[in-house]
Amino acid sequence: MYKSIFIKRDVFRFKRFSQKGYSLFAVLGREVVVGVLSVAMLTYTHAGNHLLANELQPAAGYEQESDDDGTITLSEVEVTATRAPLTSGQAVRMVTVLTREDIQAAPVQSVNDLLKYAAGVDVRQRGPIGAQTDVSIRGGTQEQITVLLNGINIGDPQTGHNAFDFPVDISDIVRIEVLEGPAGRAYGTSSLLGAINIVTSRGYGSTEVRGDENSDRPTTYNLRLEGGSFGYLSAAGRISLSPSALSSSLSASYTRSDGYNRSKAGNLNADYSGGKVFYQGGWSDEHLRLNWHAGLSTKGYGSNTFYSAKFDEQFERTTKLYTALQGETRGTWFHFQPSLYWNRSHDRFELIRGSEENVKYNYHRTDVFGLNLNSWFDWALGRTALGAEFRNEDIISGNLGEPLQTPKHIHGTDRDYTQGLNRTNLSLHLEHNILLDRLNISAGFIAVKNSQSEMPIKLYPGIDASLQLARNLKLYASYNTSLRMPSFTELYYSVGGHKADKHLKPEELSSIEAGLKLNAPAITASASIFYNHCKNMIDWSLDVNDHTQTWQSVNHTKVNTIGVEAGTTLDLPRLIRGQQVLRRLTLSYCYMNQDKKLEENLQSQYSLEYLRHKLVARLLLSPIRNVDLSLCYRFQDRTGSYTSVEGAVEDYRPYSLFDARLSWQQPRFEVYGEVNNLFNKRDYVDYGNVPQPGTWFIIGTKASF
């Protein structure tokens with residue numbers, strides 16, 4: 001944002017503001033740095049988040065606390081890269097943190113779209129505005145990451161295709177944490193190659209906002225309205241109330257679009273409509289903190305050729321319910337953090353839209369119940385965490401699982417669920433953290449036993465370390481192992497040209513990584529190199545010489561991945577003195593190469609298709625007062641191939657895309673315009689045979705009061 005230019009002298013850094021009479025004079029004539037958060041790759045501060053002369057706001061990545069005497073302390077945000085809570089400065093692994101300002105400045109309409117700008121994340125879009133997106137990390141698949149909402153695992157054991165059906169609107173989110181690499185020690189099964197944690201604003205009862213719990217805050221309202229190309233319309237509202245130690249908020253949103261594509265018969269096949277409702281609350285005192293949430297996400301979308309190139313009028317409807325209760329004891333040396341959750345998912349897939357008499361619809365209902373008991377304590381040798389998790393996954397379906405002894409009726413139809421499966425996962429974890437002035441070490445293991453296939457208990461260890469080489473330079477190194485249980489679809493989906501193997505083994509991975517992170521006043525940068533060795537990799541494979549065109553779920557013997565990831569963020573006003581137009585430039589790049597032994601004629605649906613090169617550039621400008629312009633560029637080069645509608649094997653081609661966002665901001669409202677695919681590129685695909693939209697315009701406004 002436009003700011004007046006003053007002559008700056010020496011820099012004065014501090015974290016605590018006091019009410020002493022001389023406090024103001026201590027900083028007169030100096031540039032005051034409130035706090036700096038070192039964030040890998042993607043994060044930059046939104047130019048609109050500035051400090052007013054009479055209003056102190058926490059810097060990005062910091063929490064604001066108020067002591068009894070009114071003293072304000074800025075403390076770093078805790079990131080969930082380990083079992084024991086550590087601040088971002090203590091974290092011994094590189095964690096990408098996307099702040100609320102990053103989210104607001106990006107030309108995106110969903111979390112899925114936002115993750116496109118992370119170099120190590122592969123976002124394979126099957127439809128815009130979050131219709132369906134396969135998100136993977138470092139050459140893996142959409143099944144190999146854990147997706148969390150406020151630290152609660154909301155992954156769907158039926159399939160990873162629907163993992164990003166969040167019940168929260170993007171305006172509810174205060175930050176997104178992306179942990180790249182094996183995360184089994186922190187998150188258990190499914191986190192083979194990483195984890196993505198969505199953190200929402202929860203008021204005084206949460207760990208995100210802390211204040212004087214004896215004071216009241218007024219009720220706040222937030223409204224958003226957007227419209228754009230292809231009949232796009234989106235509306236959202238949020239009300240938040242935080243009196244004393246109790247906080248509550250309720251949000252709701254609705255989004256629809258006619259879609260950008262039609263079938264050969266001229267019918268809509270990329271349309272979308274869906275709604276979200278999310279309630280969350282919190283309560284805390286000096287002894288106990290509680291948080292709870294309940295959310296609903298429902299959507300229906302034309303899935304054109306998502307699952308079969310032969311049928312271009314597919315349709316899918318998903319409905320998901322999320323509930324959770326979390327607690328934490330406070331004020332004692334021993335911290336106990338239990339959580340209890342239940343998630344339910346409904347999925348209906350239509351191969352030929354609205355024509356069940358030709359091909360019966362696929363119905364699935366999944367229930368996941370979990371109990372997580374985590375604890376941690378500090379003692380003379382460091383910080384130790386230990387605990388256990390119980391997770392039960394149950395599915396009833398029309399075609400997944402074993403035959404049910406007693407079929408269950410499918411609500412709203414004349415059909416029954418005839419198949420199903422129930423499995424239980426039990427895990428125990430132990431972790432110890434040594435936090436010294438320059439050296440931090442985190443080591444531990446997770447022990448896992450799953451009832452599927454009578455899996456024996458197995459240990460998966462890991463160790464992370466960071467060393468402060470200089471004031472602004474830190475060295476990271478880690479060795480971690482993890483596992484991933486097969487999804488119900490991989491085990492039992494044997495229709496429509498697919499043949500599943502119910503005896504699939506868990507995927508297992510070991511990884512070594514090392515990197516450097518620089519955090520200087522005008523520049524932050526990071527670089528890392530990693531090596532992953534995965535055995536029993538699960539994939540859908542097709543023999544191109546097999547005229548039956550049958551995809552089979554198989555365990556590959558091994559897949560080796562070596563990669564390099566680097567990024568830098570430049571604070572341009574510090575580098576180019578005397579100007580305030582150029583605000584921030586972010587560059588990030590990831591290169592990977594996978595080595596695997598497979599037959600020459602074998603075609604892979606997932607694991608053999610990965611981004612060899614990905615380059616992301618983002619430039620933030622403030623051309624005039626209260627106006628921000630964000631320009632984003634992505635280059636992607638995917639290895640692998642797919643079979644076209646005509647039956648020919650096509651290689652994926654590299655492509656580049658430009659996005660932009662222009663906004664005008666006032667204290668209580670904002671007007672903005674966004675454009676995706678600025679130069680109307682149409683000859684690209686993220687997934688074979690699924691066309692992508694051309695230029696997409698959106699205008700919108702936000703208001704708060």
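It should be emphasised that the depicted structure is a prediction, and the values quoted were computed from it without experimental measurement.
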Heavy atoms, side chains only, cut-off 4.5 Å: are [X] and [Y] in contact?
| X | Y | result |
| --- | --- | --- |
| Ser442 | Arg185 | yes |
| Glu431 | Trp376 | no |
| Gln280 | Phe278 | yes |
| Leu179 | Arg93 | yes |
| Leu340 | Thr323 | no |
| Ser339 | Ile152 | yes |
| Glu402 | Lys502 | yes |
| Tyr187 | Asn153 | no |

Work out which heavy atom in [X] is nearest to a heavy atom in [Y]; give both atom names and the distance.
| X | Y | value |
| --- | --- | --- |
| Arg484 | Ser190 | CG-CA, 3.5 Å |
| Gly194 | Ile137 | CA-CD1, 4.0 Å |
| Met455 | Lys449 | O-NZ, 3.1 Å |
| His429 | Leu373 | CE1-O, 4.1 Å |
| Pro461 | Thr481 | O-OG1, 2.7 Å |
| Ala195 | Ala183 | CB-CB, 4.5 Å |

Practice problem: Could I get the full list of side chain to side chain contact (heavy atoms under 4.5 Å, CB included) partners for Ala443, not counting sequence neighbours? | Solution: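 Listed in chain order: Ile463.
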Quiz item: In chain order, what residues pass the side chain to side chain contact (heavy atoms under 4.5 Å, CB included) check against Ser375, with sequence neighbours excluded?
Solution: Phe334, Phe336, Leu386
Quiz prompt | Residue pairs fulfilling salt bridge (Lys or Arg N to Asp or Glu O under 4.0 Å) with at least one residue in residues 318-327, sequence neighbours excluded | solution = Asp156-Lys320
Exercise. Would you sort out whether Asn519 and Thr524 count as a side-chain hydrogen bond (donor to acceptor under 3.5 Å, both in side chains), showing the intermediate values?
Key: CA-CA 4 Å; Asn519 183 22; Thr524 60; 5.6 Å; no
Quiz item: Run the side chain to side chain contact (heavy atoms under 4.5 Å, CB included) check on Tyr322 and Phe166 step by step: do they pass?
Solution: CA-CA 9 Å; Tyr322 304 92; Phe166 297 114; 6.0 Å; no
Practice problem: Check step by step if side chain to side chain contact (heavy atoms under 4.5 Å, CB included) holds for Leu430 and Phe445. | Solution: CA-CA 6 Å; Leu430 175 64; Phe445 65 85; 3.9 Å; yes
Quiz prompt | Mutual orientation of the aromatic rings belonging to Trp379 and Phe377 [parallel < 30°, tilted 30-60°, perpendicular > 60°] | solution = tilted
With rounding to the nearest 0.5 angstrom, report the [atom1] to [atom2] distance, [X] to [Y].
| X | Y | atom1 | atom2 | result |
| --- | --- | --- | --- | --- |
| Gln158 | Leu491 | CD | CG | 12.0 Å |
| Gln452 | Thr424 | CD | OG1 | 11.0 Å |
| Leu509 | Ser511 | CG | OG | 6.0 Å |
| Met592 | Asn532 | CE | CG | 9.5 Å |
| Ile196 | Ser191 | CD1 | OG | 12.0 Å |
| Ser510 | Tyr479 | OG | OH | 5.0 Å |

Practice problem: Given side chain to side chain contact (heavy atoms under 4.5 Å, CB included), test Thr159 with Glu143 step by step and report yes or no. | Solution: CA-CA 7 Å; Thr159 175; Glu143 305 282 0; 3.7 Å; yes
Exercise. Verify side-chain hydrogen bond (donor to acceptor under 3.5 Å, both in side chains) between Tyr476 and Asp464, making sure each step is shown before the conclusion.
Key: CA-CA 8 Å; Tyr476 292 85; Asp464 311 309; over 6 Å; no
Classify the side-chain pair [X]/[Y] by whether it contains a donor and acceptor separated by less than 3.5 Å.
| X | Y | result |
| --- | --- | --- |
| Ser251 | Asp172 | yes |
| Tyr341 | Gln326 | no |
| Arg83 | Asn374 | no |
| Asn162 | Thr318 | no |
| Thr298 | Thr319 | yes |
| Asn433 | Asn440 | no |

Exercise. Might you work through the salt bridge (Lys or Arg N to Asp or Glu O under 4.0 Å) test for Glu389 and Arg391, ending with a clear yes or no?
Key: CA-CA 6 Å; Glu389 181 176 12; Arg391 180 179 172 94; 5.2 Å; no
Quiz item: Knowing that exactly one of Leu400, Thr489, Asn422 qualifies, which makes a side chain to side chain contact (heavy atoms under 4.5 Å, CB included) with Ile395?
Solution: Leu400
Practice problem: Have a look at Phe488 and tell me which of Arg423, His364, Gln419 forms a side chain to side chain contact (heavy atoms under 4.5 Å, CB included) with it. | Solution: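 Passing option: Arg423.
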Do [X] side-chain atoms and [Y] backbone N/O form a donor-acceptor pair below 3.5 Å?
| X | Y | result |
| --- | --- | --- |
| Tyr460 | Gly184 | no |
| Asn536 | Asn555 | no |
| Ser528 | Gly515 | no |
| Gln144 | Leu193 | no |
| Asp169 | Ser253 | no |

Quiz item: Heavy-atom count around Lys408 NZ within 6.0 Å, excluding the residue itself: above 12?
Solution: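 Atom NZ in Lys408 is not packed in, count stays at 12 or less.
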Quiz item: Can you list the steps and then say if Arg330 with His287 is a side chain to side chain contact (heavy atoms under 4.5 Å, CB included)?
Solution: CA-CA 5 Å; Arg330 307 173 67 185; His287 301 296; 5.7 Å; no
Quiz item: Can you check side-chain hydrogen bond (donor to acceptor under 3.5 Å, both in side chains) on Asp134 and Thr141, steps first, answer last?
Solution: CA-CA 8 Å; Asp134 292 345; Thr141 74; over 6 Å; no
